Number of protein chains: 2
Amino acid sequence: MQIEEKAKLFKALSDPNRLRILKMLQVRKLCVCEITEVLSLATSTVSEHLSILKRAGFIIEEKEGKWVNYMINSNCCDTTVASIISMLPFWISNDNTVSCDIDKINSVDRAKLCCK
Amino acid sequence: MQIEEKAKLFKALSDPNRLRILKMLQVRKLCVCEITEVLSLATSTVSEHLSILKRAGFIIEEKEGKWVNYMINSNCCDTTVASIISMLPFWISNDNTVSCDIDKINSVDRAKLCCK
DNA sequence: ATTAGATTTCGGTGTAAAACGAAATGAGAA
DNA sequence: TTCTCATTTCGTTTTACACCGAAATCTAAT
């Protein structure tokens with residue numbers, strides 16, 4: 001991987017909303033509408049953030065009925081990506097925003113959320 | 001440190017030229033004109049890159065006569081910054097561009113460089 | 001003090017990226 | 001098939017950033 005691609009990895013991490021997404025996905029897999037609810041952004045915006053994280057290799061997706069679940073790419077073969085993922089809990093811990101996000105994803109009901 | 005500031009750390013790493021600067025500074029301290037010579041950018045551009053890395057905490061500066069030496073902030077008290085610095089050799093190694101950069105800084109003569 | 005040279009700061013330009021709403025896509029239910 | 005709804009893509013706007021040259025700053029030597 002060339003240095004331009006390494007820079008792109010860090011660019012994917014350079015947005016607070018994308019860091020919040022990664023921290024949430026380290027709790028459990030989530031669909032787009034759940035993340036949208038927590039971040040209070042437009043669905044299209046969240047979708048774009050997810051595609052950036054996916055392109056960088058940090059997350060993968062899985063179809064489940066009409067939903068698309070996103071999850072951390074835990075078995076990533078790229079050692080740089082894998083080490084960054086493993087460092088995230090150390091780098092970002094006890095953050096107020098992230099704590100609230102995690103509280104929210106634990107009380108969110110996907111079925112209710114998507115049908116309102 | 002809030003999550004916005006963590007994002008700024010990664011933003012500082014999200015530019016290939018700034019990664020090249022960090023890799024060069026892990027070999028030895030360098031002045032602005034030496035880095036400018038290697039990167040082939042305008043001096044003002046390099047100066048701005050350095051101020052971004054300095055603001056993020058990755059590097060520190062030291063006056064030496066008419067020169068300003070920049071060096072890795074090795075004794076950084078921030079554990080996130082410190083761990084990122086220590087991971088850089090693992091994340092970026094055997095890169096062609098970086099290898100050429102390091103060859104150049106080993107053959108560059110600061111006195112000649114600045115007086116041409 | 002004045003000059004010379006290294007670096008920083010300041011405008012300006014072009015490009016990238018974040019955000020949104022609307023339209024398009026794709027998958028399950030009726 | 002047709003409808004519903006989650007998600008993606010597209011077009012647009014606004015903001016941020018990389019880059020440059022010129023002017024300003026700061027230091028050392030004349």
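Heavy-atom basis, side chains included; hydrogens, waters and symmetry copies ignored. Bear in mind the structure is a predicted one, so any value in this text is a computation, not a measurement.
- Spacing between atom NZ of A:Lys11 and atom C1' of C:dT15 amounts to 11 Å, rounded to whole angstrom units.
- Across the protein-nucleic acid pair, B:Leu39 atom CG and C:dT7 atom P stand 14 Å apart, rounded to whole Å.
- Here C:dT7 presents its P atom at 13 Å from CD of B:Glu37, a figure rounded to the nearest Å.
- Rounded to an integer number of Å, the gap from CZ of B:Arg55 to C1' of C:dT9 is 12 Å.
- Counting all heavy atoms, side chain and backbone alike, A:Leu53 lies closest to A:Ala12 at CD2-O, 3.9 Å.
- Applying the side-chain contact (heavy atoms from CB on, under 4.5 Å) criterion to B:Ile60, with sequence neighbours excluded, gives B:Met71, B:Asn73.
- For B:Ser51, the side-chain hydrogen bond (donor to acceptor under 3.5 Å, both in side chains) criterion is met by B:Arg55, not counting sequence neighbours.
- When the side-chain hydrogen bond (donor to acceptor under 3.5 Å, both in side chains) test is applied to A:Lys11, no partner is found at least two apart in sequence or on another chain.
- For B:Glu62, the side-chain hydrogen bond (donor to acceptor under 3.5 Å, both in side chains) partners are B:Lys29, B:Asn69, not counting sequence neighbours.
- Qualifying side-chain hydrogen bond (donor to acceptor under 3.5 Å, both in side chains) partners for B:Asp101, counting only residues two or more places apart in sequence or in other chains: B:Arg20.
- The side-chain contact (heavy atoms from CB on, under 4.5 Å) search around B:Lys104 returns B:Val38, not counting sequence neighbours.
- DNA chain C lies under 4.0 Å from at least one heavy atom of each of the following residues of residues 14-24 of chain A: A:Asp15, A:Asn17, A:Arg18.
- When the P atom of D:dT27 is taken as reference, atom CD of B:Glu62 falls 15 Å away, rounded to whole Å.
- When distances run from any side-chain atom of B:Val68 to the nucleotides C:dA18, C:dT7, D:dT7, the shortest one goes to C:dT7.
- Residues forming a side-chain contact (heavy atoms from CB on, under 4.5 Å) with A:Lys8 (at least two apart in sequence, or on another chain): none.
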If you restrict it to nitrogen or oxygen atoms, what contacts under 3.5 Å exist between nucleotides 25-27 of chain C and the protein, and what is each distance?
none

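- Judged as a ring-ring contact (aromatic ring centres under 6.0 Å, His included), the pairs with a partner in residues 5-40 of chain A (not counting sequence neighbours) are, in order, A:Phe10-B:Trp91.
- Over its length, the helix from C:dA1-D:dT30 to C:dA30-D:dT1 turns its helix axis by 20°, as judged from the five terminal pairs at each end, rounded to 10°.
- OP1 or OP2 of D:dT8 has at least one side-chain nitrogen or oxygen of A:Tyr70 nearer than 4.0 Å.
- Contacts with DNA chain D (heavy atom under 4.0 Å) in residues 40-50 of chain A: A:Thr43, A:Ser44, A:Ser47, A:Glu48, listed by number.
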